[in-house]
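A short worksheet on the structure shown next.
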Amino acid sequence: MGGVGVPEPVDAADAVDAVEMRTALAGLRRTSGLPVVFGGLLADARHARIGELNGAQTSALRGLVISAGSGLGGKAIALARPCAVTDYPVSRHISHEYDTAVAAEGLRSVVAVPVVVRRSVRGVLYGALRTPVTLGDRTFDAAVAAARDVEQALAVRDEVRELLALTRDQVAGPGAAPGAWEDVREAHRELRALAPRVADPALRDELLAVCGRLASASGARTPAAAPQVRLAPREVDVVACVAAGATNAAAARQLGLRPETVKGYLRSAMRKLGAHTRLEAVVAARRAGLLP
């Protein structure tokens with residue numbers, strides 16, 4: 001089920017990613033009734049380390065390295081698809097390098113589901129019983145759904161990191177070419193749309209801080225005598241979408257909102273900005289330093 005080596009300690013980014021696995025495992029145990037759930041992320045292309053356990057009675061599984069092709073989890077990694085056994089110790093469908101750890105925890109029926117993001121296996125999630133019974137479809141589906149939750153969270157985090165990497169040290173100045181400004185504005189809109197989907201507070205704060213830098217990059221400033229305009233986060237999100245040419249329906253899809261909700265946010269933002277049209281709202285938001 002695991003490997004024999006111990007991978008190098010994960011970096012801070014991987015530690016943050018592990019939070020998503022921990023959350024998914026807690027949800028899986030709660031919804032499926034499985035007494036033991038555990039999992040880990042890949043340290044390299046062929047090895048994952050079990051770092052998260054919920055319901056375990058011993059520490060035998062913690063830190064176990066799963067090698068592609070070895071044991072049940074390794075099989076799931078190698079095939080990039082869910083695998084299950086009814087009685088782990090005697091199963092003929094898997095290798096048995098790691099029966100000692102499995103026996104120490106008393107596991108019998110086990111399902112392993114790979115976490116696949118952009119066609120690459122990023123981790124593996126397990127659910128197990130201490131009795132040798134066939135896992136039902138409901139339990140199997142719950143394990144797959146938990147893995148999908150991790151996949152979606154990691155995909156969002158990947159996208160955020162990529163956008164942050166592109167913008168963190170490359171914020172355009174007032175003299176930037178028009179094409180560069182379009183890139184800045186698109187990055188700002190995408191980052192703002194992703195922010196509500198980021199569960200980790202530290203990463204979300206960093207994301208919003210970069211958004212603030214992008215919004216003020218043009219050098220636009222509200223005159224000191226003018227009252228400062230304050231928009232709610234979602235109002236800024238909607239105006240950013242409008243600035244990119246999105247209709248209310250398109251903005252709703254991008255932000256995961258209902259069109260009527262987008263319309264309400266836009267109406268409120270226009271009122272605060274003193275705008276009568278969508279274009280006036282965008283211009284006013286840029287003058288106020290709310291958009292790049």
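If you're wondering where the values come from, they're calculated on a predicted model, not measured in any experiment. Computation of the quantities below employed the complete heavy-atom set of this structure, encompassing side-chain atoms and omitting hydrogens, waters and symmetry-equivalent molecules.
Interatomic distance, CZ of Arg286 versus CG of Leu291, reported as 6.5 Å (0.5 Å rounding). With rounding to the nearest 0.5 Å, the separation of CG in Leu257 from CZ in Arg234 is 4.5 Å. The line from CG of Asn248 to CD of Glu260 is 9.5 Å long, rounded to the nearest 0.5 Å. Rounding to the nearest 0.5 angstrom, the gap separating the CG atom in Leu191 from the CD atom in Glu159 is 8.5 Å.
Taking Arg189 as the reference, Glu186, Gln254 meet the side chain to side chain donor-acceptor pair (under 3.5 Å) condition, with sequence neighbours excluded. In this structure, Glu190 has no side chain to side chain donor-acceptor pair (under 3.5 Å) partners at least two apart in sequence or on a different chain. Remark: Arg119 engages no residue in a side chain to side chain donor-acceptor pair (under 3.5 Å) (not counting sequence neighbours). Shown here are the side chain to side chain donor-acceptor pair (under 3.5 Å) partners of Arg253, two or more places apart in sequence or in another chain: there are none.
Residues in residues 266-283 take part in these salt bridge (charged side-chain N to carboxylate O under 4.0 Å, His left out) pairs, two or more places apart or across chains: Glu235-Lys272.
At least one side-chain heavy atom of Met21 sits less than 4.5 Å from a side-chain heavy atom of Leu25. Contact of the Leu135 side chain with the Leu34 side chain is registered, since non-hydrogen atoms from C-beta on lie closer than 4.5 Å. Residues Leu125 and Val37 have side chains not in contact (no heavy-atom distance under 4.5 Å, counting atoms from C-beta outward). A 4.5 Å side-chain heavy-atom check between Val238 and Thr261 finds every atom pair outside the cut-off.
Salt-bridge annotation for Glu151 and Arg148: present, with a side-chain N of the basic residue lying under 4.0 Å from a carboxylate O of the acidic one. The pair Arg138-Asp141 does not count as a salt bridge, with every side-chain nitrogen at least 4.0 angstrom from each carboxylate oxygen.
Members clustered with Leu279: Val283, by chain and number, using a 4.5 Å side-chain heavy-atom cutoff among hydrophobic residues.
If you run side chain to side chain contact (heavy atoms under 4.5 Å, CB included) between Val121 and each of Leu41, Val115, Val116, only Val116 comes through. Each of Thr134, Val111, Val113 was checked for a side chain to side chain contact (heavy atoms under 4.5 Å, CB included) with Phe140, and the lone residue meeting it is Val111. Lys75 pairs with exactly one of Cys83, Pro114, Pro82, Ser70 by the side chain to side chain contact (heavy atoms under 4.5 Å, CB included) rule, that one being Cys83.
In this structure, Arg46 contributes its side chain and Ile77 its backbone to no donor-acceptor pair below 3.5 Å. Side-chain atoms of Glu105 come within 3.5 Å of backbone atoms of Gln57 as a donor-acceptor pair (strictly under, hydrogens ignored). Without hydrogens or angle criteria, Arg29 side chain to Pro35 main chain gives a donor-acceptor distance under 3.5 Å. Side chain of Ser109 to main chain of Val133: a donor-acceptor pair is present (N/O by atom type, distance under 3.5 Å, no hydrogens or angles). Looking at Ser59, its side chain never comes within 3.5 Å of a backbone N or O of Arg62 through a donor-acceptor pair. The main-chain N or O of Ser91 is found under 3.5 Å from a side-chain atom of His96 such that the two form a donor-acceptor pair. With Arg49 contributing its side chain and Leu64 its backbone, the two residues share no donor-acceptor pair below 3.5 Å. Distance alone, capped at 3.5 Å, is enough to place a donor-acceptor pair between the Thr23 side chain and the Val19 backbone.
Note: Tyr126 and Phe38 have parallel aromatic rings, judged against thresholds of 30 and 60 degrees for the angle between ring planes.
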Leu129/Thr139 under side-chain contact (heavy atoms from CB on, under 4.5 Å): CA gap, chis, key distance, verdict: CA-CA 11 Å; Leu129 295 170; Thr139 300; over 6 Å; no
Candidate pair Leu42 and Arg122, rule side-chain contact (heavy atoms from CB on, under 4.5 Å), full reasoning: CA-CA 5 Å; Leu42 265 67; Arg122 295 276 294 275; 5.7 Å; no
Steps toward side-chain contact (heavy atoms from CB on, under 4.5 Å) verdict (Glu20, Val156): CA-CA 11 Å; Glu20 310 296 353; Val156 169; over 6 Å; no
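No more than 12 heavy-atom neighbours from other residues, nucleotides or ligands sit within 6.0 angstrom of CZ on Arg258.
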